[in-house]
Structure formats: structure tokens, C-alpha cells
Amino acid sequence: MREYLLTLCVTAAVTYLLTGPVRKFAIAAGAMPEIRARDVHREPTPRLGGIAMFGGLCAGLLVAAHLTNLKSVYEISNEPRALLSGAGLIWLLGVLDDKWGVDALVKLGGQMIAAGVMVLQGLTILWIPVPGVGTVSLTPMQGTLLTVALVVITINAVNFVDGLDGLASGMVCIAATAFFMYAYRMWFGYGVEAAAPATLFAVILMGMCLGFLPHNMHPARIFMGDSGSMLIGLVMAAGAISITGQVDPDLLNSSAGSERAAVHAMVPVYIPLLLPLTVIAVPVADLVLAIVRRTWNGQSPFAADRGHLHHRLLEIGHSHSRAVLIMYFWSALIAFGAVAYSVNSASVWVVLAIAALSGVGLVLLLLPRFTPHAPRWAESLFPPRYRRGRRRGAHAANQAPEGDLAARSEAGDDGGEEREPVPSGFHGATAVGDRSRLPQRRKISTHR
């Protein structure tokens with residue numbers, strides 16, 4: 001475990017330290033696209049954060065190769081080299097897209113090529129353990145197609161959810177933590193050496209996301225861009241393929257008693273087609289809904305819009321930070337719930353706990369629908385947004401004519417006058433104007 005912690009710290013530190021210079025490079029290189037209609041940030045923000053994340057990936061793999069226990073992963077398997085090859089291709093494609101823009105079909109082809117490179121080096125699905133049936137062997141063609149499909153689905157799921165500051169990196173970090181817990185249990189709990197590469201991939205992925213998050217939290221100073229979102233999606237897919245299609249359930253017979261019992265004990269993560277649904281279920285759900293919505297409206301599935309889950313959370317009244325935290329909550333619930341179920345699938349308490357936490361999540365989703373008011377005698381003890389006078393003032397500001405500056409000033413608005421940037425955030429990033437825009441979000445919600 002100490003070597004894993006060292007690898008995690010080195011990966012996070014390198015990613016964190018590289019992000020600052022990469023930000024300056026992105027600004028100098030002009031990798032600051034104009035704000036689009038579907039964007040939620042208000043100022044042009046540099047991209048290319050994936051450069052720092054790729055540096056963290058290389059540093060983590062290099063350090064692990066020189067540690068006493070982890071270097072055995074490179075001796076028994078070629079998967080780390082396969083991951084580095086595929087990651088290099090997908091990262092280069094993402095950098096080109098962040099700077100000059102790449103057609104959606106070209107990116108899809110590049111993702112398939114990166115997956116094919118990993119397959120050629122041995123990182124592929126060999127068999128599928130099916131509950132109640134046993135191990136189903138796959139032909140080379142079937143294994144290749146299934147591997148490519150899993151890589152493409154996971155990459156695009158992560159890419160689609162990258163719409164708010166800190167959202168994609170935080171959700172993938174949560175999923176990687178849950179995945180690391182499961183893979184580590186497989187290796188040291190059951191003695192399955194084939195699970196070692198997936199454990200290493202998970203801890204490196206955690207370090208990449210943790211190192212980038214301080215720069216990417218709201219208000220973000222830099223975005224990871226496609227060079228980062230596609231990269232972490234590919235690393236997640238590589239870990240899934242490694243532990244799902246490489247580990248033979250026969251190795252667990254001595255611990256579980258039989259092959260059928262071993263397969264049942266590994267249900268949550270042993271079906272490759274369902275693995276993204278249990279580990280990153282929220283991004284996959286967003287991906288499926290986006291494709292259905294765009295196809296139904298006669299648009300291309302790759303056409304960008306403002307209909308993603310995080311956009312809808314903003315529209316119903318959640319703040320930027322609260323929307324991100326809600327997405328974190330659901331990702332953690334599903335990911336850690338799957339891990340808990342794999343540990344003890346017969347426990348009723350696991351199911352009851354997941355159901356109870358799901359109810360809490362639904363309450364959090366519906367909170368903006370309610371308008372709680374503090375008692376008049378206790379208004380001074382509550383934030384301004386819970387005071388009746390504050391709500392009336394905001395409503396009056398919205399209803400006042402544009403030329404009525406006195407009414408807007410009385411209601412607490414500046415009448416559209418430009419404000420100076422107000423320093424805020426972890427690194428002194430700036431957000432222009434008042435951060436409280438709840439009346440505007442209510443207007444959007446009412447219109448819908």
C-alpha cells in the first residue's frame with residue numbers, strides 16, 4: 001500500500017506543478033476559444049490541461065516501474081506499455097482538437113485507433129464471466145470489437161460530462177477510488193496477480209485527477225479540454241478491460257468455492273458492457289440521453305447543446321458548486337454501492353443503505369423547487385437569499401424597466417453597469433459581477 005500511496009502522491013504532485021506552466025503556455029498559444037452559447041463560464045479560459053495530466057501519467061508509470069513490488073507488474077504484463085501507447089495517441093488527438101478543432105468523426109476514428117493499439121499490445125478482453133453460466137471465451141475478433149466499443153463508450157461518456165468546473169475530474173476521481181478498492185481487494189484478498197495492472201491504473205488515475213482539481217474547481221483557471229477528458233476516459237477504460245477480461249474466475253475457486261460462486265461474487269464489475277454503468281453511471285446516462293435527444297430533434301448525435309444533466313441542474317435553480325456536488329454524490333453512491341455489493345451481495349443492509357441515500361439525493365435535486373423563508377424575527381440569522389425582503393427586491397429588479405436605474409438601485413441591482421472583477425477562488429481567479437444569479441435561473445425554469 002505504501003508504494004501505491006507514493007505513486008499517487010508523485011502523480012498528483014507532477015500534475016499539479018505542471019498545470020501552472022501549461023496554463024501560461026495555453027494562453028500564449030491562443031488555446032482560449034471564445035465562449036459558446038452552451039458554455040456556462042463567463043470569461044475565456046485556457047484549455048490544454050490534458051498536457052499536465054499526461055505528464056502526471058508518465059511520471060506515475062515511471063515511478064512505479066522502479067518500486068520494489070510494483071515493478072513486477074511490468075514483468076508479468078505488457079499492459080502498462082499498452083496503456084502508455086494508447087494514451088499518447090489519444091492525448092495528441094486531444095491537443096490538436098483543443099488548439100485547432102477536429103471533426104467529430106475524425107476524433108471517433110482516432111479513439112478507435114488508440115483502442116486498436118492497446119489491443120495489439122495485449123490489452124484486450126479474452127473472456128466474459130457470465131453469472132449463472134460461467135466463463136464464455138471470445139474469439140480474437142469478438143474480443144477486439146468489444147474492447148474498442150468499451151473504450152469509445154467510456155471516453156465519450158467522460159467527454160460529454162465535462163461541462164462544469166471540476167465536474168469530470170471529480171467524478172472520475174470518485175470512480176477511480178471505488179475501482180481501486182475493488183482491484184486492490186482482488187489482488188491482495190484473492191491473490192490474483194492479473195489484477196495488479198488495473199490497481200496501478202486506478203491509483204494513477206486518482207493522482208491525475210487530484211492534481212488537476214485545485215486548478216479546475218469553480219471558478220476554473222484552466223480546463224482539461226479534450227486532451228484531458230479523453231485521456232482519463234481511456235485510462236478508466238484500460239483498467240476496466242484489464243480486470244474484466246483478463247482475470248480468470250477459475251483463480252478464485254479456492255476462495256469462493258466454485259466458479260459459479262466466484263462469478264456471482266464479481267457481478268458488479270465482471271460484465272464489460274455494463275462496467276461503465278456501475279463505475280461511471282452518471283456520465284453514461286448523460287451520453288445516452290444526449291444521443292436520444294439530439295437524434296429525436298433531427299440533429300447529429302455529436303451536435304453540442306445545453307441539454308446535459310449539469311445544464312438542467314443549473315436551469316432548475318442550483319448554483320454551479322451545488323450542481324457539481326450533486327453529481328459527485330450520485331457518482332459516489334453508484335460506484336461505492338457497486339463495490340459494497342460485490343463485497344457482500346447477500347446483505348440486505350447494503351441495499352437499504354443505497355435506497356436511503358438515493359432518497360437523500362432526490363431531495364437534494366428537488367430543493368430548488370421549494371422556496372423556504374426564514375421567520376421575520378430570525379431573518380438576521382439566515383443568509384440573504386432566505387429573507388423575504390431580499391426576494392421581493394430581486395423580483396422588483398427583474399421587473400423594473402431598463403431605464404429605471406433608481407428602481408434597480410433600490411432593489412440591489414446595478415442597472416447593467418459593468419463591474420470590476422472580484423477576486424475569488426482557490427488561486428485568486430476572478431468572476432465578473434454578482435455570483436448570485438438565481439432570479440435569472442428562475443426565469444429560464446419558468447419559460448421551460
Side-chain angles (χ1 to χ4, degrees), residues 26 29-41 44-51 53-54 85-119 144-165 167-169 171-172 216 222-238 240 273 276-277 280 282-312:
M32 296 178 60
E34 297 181 356
I35 298 178
R36 301 160 295 186
R38 62 187 174 95
D39 292 332
V40 298
H41 58 281
T45 305
R47 297 186 180 181
L48 294 178
I51 296 179
M53 303 181 83
F54 184 73
S85 301
L89 289 177
I90 206 71
W91 169 76
L92 181 59
L93 177 65
V95 170
L96 296 176
D97 182 57
D98 290 340
K99 180 60 178 72
W100 292 285
V102 177
D103 185 74
L105 293 179
V106 175
K107 287 197 293 185
L108 180 62
Q111 295 167 7
M112 298 175 66
I113 292 175
V117 169
M118 294 194 300
V119 169
T144 300
L145 294 177
L146 196 55
T147 301
V148 172
L150 181 59
V151 171
V152 172
I153 290 174
T154 308
I155 288 177
N156 286 281
V158 176
N159 192 22
F160 270 51
V161 83
D162 184 25
L164 296 179
D165 298 347
L167 182 58
S169 52
M171 292 180 64
V172 172
N216 192 232
I222 186 173
F223 295 150
M224 67 172 66
D226 281 3
S227 58
S229 61
M230 292 197 300
L231 176 63
I232 60 178
L234 182 133
V235 177
M236 174 65 73
L273 295 178
L277 297 178
I280 48 175
V282 176
V284 171
D286 193 18
L287 170 64
V288 174
L289 291 176
I291 294 176
V292 173
R293 179 179 65 253
R294 295 165 183 174
T295 305
W296 182 267
N297 294 331
Q299 300 176 345
S300 169
F302 303 101
D305 58 17
R306 287 181 60 90
H308 292 291
L309 296 178
H310 48 271
H311 289 139
R312 297 189 179 275

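Values below: every heavy atom of this structure, side chains too, minus hydrogens, waters and symmetry copies. By convention here, the first residue in the shown sequence is residue 1. These figures come from a predicted structure and were not determined experimentally.
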- Considering residues at least two apart in sequence or located in another chain, which fulfil the salt bridge (charged side-chain N to carboxylate O under 4.0 Å, His left out) criterion with Lys99? none
- Task: Please identify each residue that fulfils side chain to side chain donor-acceptor pair (under 3.5 Å) with Asn216, with sequence neighbours left out.
- Result: none
- Query: Got a sec, which residues hit side chain to side chain contact (heavy atoms under 4.5 Å, CB included) with Val292, two or more places apart in sequence or on another chain?
  - Reply: Val288
- Query: Are the side chain of Asp226 and the backbone of Asp98 linked by a donor-acceptor contact shorter than 3.5 Å?
  - Reply: no
- The reported gap from CG in Leu145 to CG in Leu150 (rounded to nearest 0.5 angstrom) is 12.5 Å
- Task: Taking the side chain as every heavy atom from C-beta outward, state whether Met236 and Val172 have any atom pair closer than 4.5 Å.
- Result: yes
Can you give each donor-acceptor pair under 3.5 Å made by side-chain atoms of residues 86-95, sequence neighbours left out, with the distance rounded to 0.1 Å?
from, atom 1, to, atom 2, distance (Å)
Trp91, NE1, Gly50, O, 3.3

- Task: Could you walk me through whether Met230 and Asp97 pass side chain to side chain contact (heavy atoms under 4.5 Å, CB included), step by step?
- Result: CA-CA 11 Å; Met230 292 197 300; Asp97 182 57; 5.6 Å; no
- Query: Which pair of non-hydrogen atoms, one from Leu105 and one from Asp103, has the smallest distance, and what is that distance?
  - Reply: N-OD2, 3.0 Å
- Query: Listed by chain and number, what are the side chain to side chain contact (heavy atoms under 4.5 Å, CB included) partners of Val148, not counting sequence neighbours?
  - Reply: Met112, Ala115, Thr144, Val152
- For Thr147, enumerate each residue passing the side chain to side chain donor-acceptor pair (under 3.5 Å) test, keeping only those at least two apart in sequence or located in another chain. Thr124
- Query: Tell me, which pairs form a ring pair (Phe, Tyr, Trp, His ring centres under 6.0 Å) where one or both residues lie in residues 95-119, sequence neighbours left out?
  - Reply: none
- Can you name the side chain to side chain donor-acceptor pair (under 3.5 Å) partners of Ser85, sequence neighbours left out? Gln121
- Starting at CE of Met224, measure out to CG of Asp165 and round the result to the nearest 0.5 Å. 10.5 Å
- When rounded to the nearest 0.5 angstrom, what is the spacing between CG in Asn159 and NZ in Lys107? 5.5 Å
- Evaluate side chain to side chain contact (heavy atoms under 4.5 Å, CB included) for Met53 paired with Ile232, printing each intermediate quantity in order. CA-CA 8 Å; Met53 303 181 83; Ile232 60 178; 3.4 Å; yes
